[in-house]
Amino acid sequence: MAKFNPFQLGRIVHPGMFAGRGGELNELEKVLLQTKNGNPMHFAIHGERGIGKSSLLRFYHWVAEGKVVLSDSPSYRFVVVTIELEPTNTYQDIVRKVGSELCRVVAGHEKAKEMIKQGWEFMKRWEVPGVKYDHAAPQSSPSPHELIEELTDSTVHAMDRLASDIDGFLITIDEADKPPSDANLGEFCKIFTERLSKRNCDRVAIGLSGLPPLFRRLRESHESSPGFSKRCLLVRYCAMTA
């Protein structure tokens with residue numbers, strides 16, 4: 001018998017649509033619990049187009065932010081940084097998108113607002129519309145290596161200042177299968193997580209969402225990216241059968 005699929009392209013559904021999805025949500029909650037306690041986990045959601053991956057990701061954001069509390073689970077206080085990739089995005093675009101959105105989200109945190117007024121160095125690194133600070137942004141065009149170093153520094157500094165008020169950062173990348181292999185998404189995930197680890201910044205989780213070709217793109221993007229993939233919780237999202 002045919003089953004009704006409530007998910008539509010470009011439309012995010014409300015939380016009630018996830019009744020019966022306890023298995024997927026419980027698996028994803030492991031990422032939050034482990035990351036909150038300093039053992040960061042990462043995840044990847046993959047499935048066919050229109051099946052509800054973006055809606056699941058949005059619901060997961062609400063759980064991470066404490067807006068939705070799952071049964072028998074604690075309430076979380078993660079700062080959620082979410083971006084969406086395009087087919088034309090390069091490696092530099094990916095790093096800049098994460099950095100700019102991190103800056104924008106942190107700028108809205110109450111504890112950070114006073115620091116911004118004082119010319120917080122963190123804010124100088126990324127151009128964010130609507131965010132004002134005392135110093136002009138750098139005019140030079142940094143190399144990919146410099147960009148990832150700046151993103152690592154920004155993440156570590158933001159965590160240091162907000163650590164007592166939050167459980168961690170959750171960085172989610174939707175439509176992660178869209179950029180070509182030479183955008184090196186796999187390399188970005190691998191290098192970024194490794195550098196955070198070396199700086200003892202251990203409450204940052206990365207989540208990817210995309211079509212089934214996502215893992216092939218990760219493998220093609222960098223010879224060592226499967227190492228990151230092996231550390232990911234894999235969630236295959238498909239239509240409900242009952």
Side-chain angles (χ1 to χ4, degrees), residues 31 35 40-46 53-54 57-58 60-61 64 78-107 122-129 131 137-138 140-159 168-199 201 204-232 234:
V31 174
T35 303
M41 286 183 66
H42 313 290
F43 68 91
I45 302 171
H46 65 109
K53 299 184 299 299
S54 294
L57 205 58
R58 176 65 62 85
Y60 189 52
H61 292 174
F78 277 81
V79 170
V80 179
V81 177
T82 182
I83 67 168
E84 183 175 314
L85 299 185
E86 301 292 341
T88 57
N89 285 157
T90 64
Y91 183 89
Q92 289 93 328
D93 292 333
I94 294 172
V95 180
R96 288 186 184 279
K97 278 190 172 187
V98 174
S100 294
E101 184 62 11
L102 173 69
C103 188
R104 188 192 69 80
V105 173
V106 169
F122 161 67
M123 303 300 294
K124 295 190 343 182
R125 302 176 184 273
W126 312 98
E127 295 180 3
V128 183
V131 176
S140 60
S141 298
S143 68
H145 172 77
E146 291 170 328
L147 272 177
I148 198 72
E149 287 291 346
E150 289 183 1
L151 178 60
T152 302
D153 283 345
S154 296
T155 305
V156 171
H157 293 158
M159 179 63 74
F169 288 120
L170 173 63
I171 300 173
T172 62
I173 302 177
D174 201 5
E175 305 289 354
D177 61 288
K178 281 189 173 181
S181 300
D182 59 12
N184 294 328
L185 175 61
E187 177 182 348
F188 163 73
C189 292
K190 177 181 181 294
I191 293 176
F192 184 43
T193 54
E194 286 179 351
R195 293 190 178 178
L196 288 174
S197 179
K198 290 178 180 177
R199 299 279 296 275
C201 187
V204 179
I206 293 180
L208 308 176
S209 177
L211 297 176
L214 169 61
F215 298 104
R216 175 172 53 82
R217 293 281 173 85
L218 289 176
R219 288 193 299 269
E220 292 172 351
S221 70
H222 192 265
E223 64 274 11
S224 298
S225 65
F228 171 80
S229 300
K230 289 178 181 178
R231 301 197 304 273
C232 280
L234 305 183

Trainee: Could you pull out the closest heavy-atom pair between Asn89 and Glu84, with the gap in Å?
Mentor: OD1-O, 4.3 Å

Trainee: So which atom in His46 and which in Lys53 form the shortest heavy-atom distance, rounded to 0.1 Å?
Mentor: C-CD, 3.9 Å

Trainee: Partners of Tyr91 by ring pair (Phe, Tyr, Trp, His ring centres under 6.0 Å), sequence neighbours excluded?
Mentor: none

Trainee: Which heavy-atom pair separates Val156 from Arg199 by the least distance, and what is that distance?
Mentor: CG1-NH2, 3.7 Å

Trainee: Mind checking what makes ring pair (Phe, Tyr, Trp, His ring centres under 6.0 Å) contact with Tyr60, not counting sequence neighbours?
Mentor: Phe43

Trainee: Output yes when a side-chain donor or acceptor of Asp174 lies under 3.5 Å from a complementary backbone atom of Ser54, and no otherwise.
Mentor: no

Trainee: Run His42 and Thr193 through side-chain hydrogen bond (donor to acceptor under 3.5 Å, both in side chains) and show every step you take.
Mentor: CA-CA 10 Å; His42 313 290; Thr193 54; 4.9 Å; no

Trainee: Please give me the minimum heavy-atom distance between Ser209 and Leu214, naming the atom from each residue.
Mentor: C-CD2, 4.5 Å

Trainee: From the options Val95, Leu196, Ile148, select the one residue that forms a side-chain contact (heavy atoms from CB on, under 4.5 Å) with Ile191.
Mentor: Ile148

Trainee: Begin from the C-alpha positions of Arg217 and Lys178 and carry the test side-chain contact (heavy atoms from CB on, under 4.5 Å) through to its verdict.
Mentor: CA-CA 9 Å; Arg217 293 281 173 85; Lys178 281 189 173 181; 5.8 Å; no

Trainee: Compare every heavy atom of Val80 with every heavy atom of Ala64, then report the nearest pair and how far apart it is.
Mentor: CB-CG2, 3.9 Å

Trainee: Of all the heavy-atom pairs spanning Thr172 and His61, show the shortest one and how long it is.
Mentor: OG1-NE2, 2.9 Å

